[in-house]
S.K.: 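Here it is, the structure, as structure tokens.
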Amino acid sequence: GVSLAATQVSLGALQLAVVLPLVTAPSHAPGLDTVGAMLGLGVLGSGLGYVLNFDIIRRAGATTASTVTYLIPLFSTALGVLVLSEQLTWNEPVG
């Protein structure tokens with residue numbers, strides 16, 4: 001699972017690295033805090049997420065792993081209402 005996740009993330013980063021200079025040019029070099037935040041999000045957010053997802057697929061199967069995508073809107077809506085005091089409108093529970 002780890003090698004497959006690492007390969008997918010690395011190939012995605014390589015594709016972006018090829019296209020990025022053609023699309024935009026930074027106005028200044030990013031600081032250490034920016035680079036650290038990007039590495040943290042990449043390694044912990046995407047990298048660890050991929051590893052855990054492939055581990056779930058290996059242990060429980062693809063059907064079980066795919067149910068995770070149904071939980072994200074549920075928790076994000078609930079946390080938005082409870083933590084951020086957002087309004088819950090009729091279309092959110094229906095959707």
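What you see below is based on every heavy atom in this structure, not just the backbone, and it leaves out hydrogens, waters and symmetry mates.
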S.K.: Measure the spacing between OG1 of T63 and CD1 of I57 and express it to the nearest 0.5 Å.
M.R.: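 Reported value, rounded in 0.5 Å steps: 10.0 Å.
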S.K.: To the nearest 0.5 Å, what is the distance between NE2 (H28) and OG1 (T34)?
M.R.: 6.5 Å
S.K.: L41, L44: one ILVMFWY side-chain cluster at the under-4.5 Å cut-off?
M.R.: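 Looking at the clustering, L44 is in a separate group from L41.
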S.K.: Taking all non-hydrogen atoms of both residues into account, name the closest pair between S3 and T7 and its distance.
M.R.: O-OG1, 2.7 Å
S.K.: Other than I56, what residues sit in its cluster of Ile, Leu, Val, Met, Phe, Trp and Tyr side chains whose heavy atoms are under 4.5 Å apart, directly or through others?
M.R.: none
S.K.: What's the shortest heavy-atom distance between S76 and P73, and which atoms?
M.R.: OG-O, 3.2 Å
S.K.: Of the non-hydrogen atoms in Q87 and E92, which two are nearest, and what is the gap between them?
M.R.: O-OE1, 3.8 Å
S.K.: Between Q15 and G12, is there a donor-acceptor pair closer than 3.5 Å when you use the side chain of the first and the backbone of the second?
M.R.: no
S.K.: Kindly check if the number of other-residue, nucleotide or ligand heavy atoms within 6.0 Å of CG (L11) is above 12?
M.R.: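 Enclosed.
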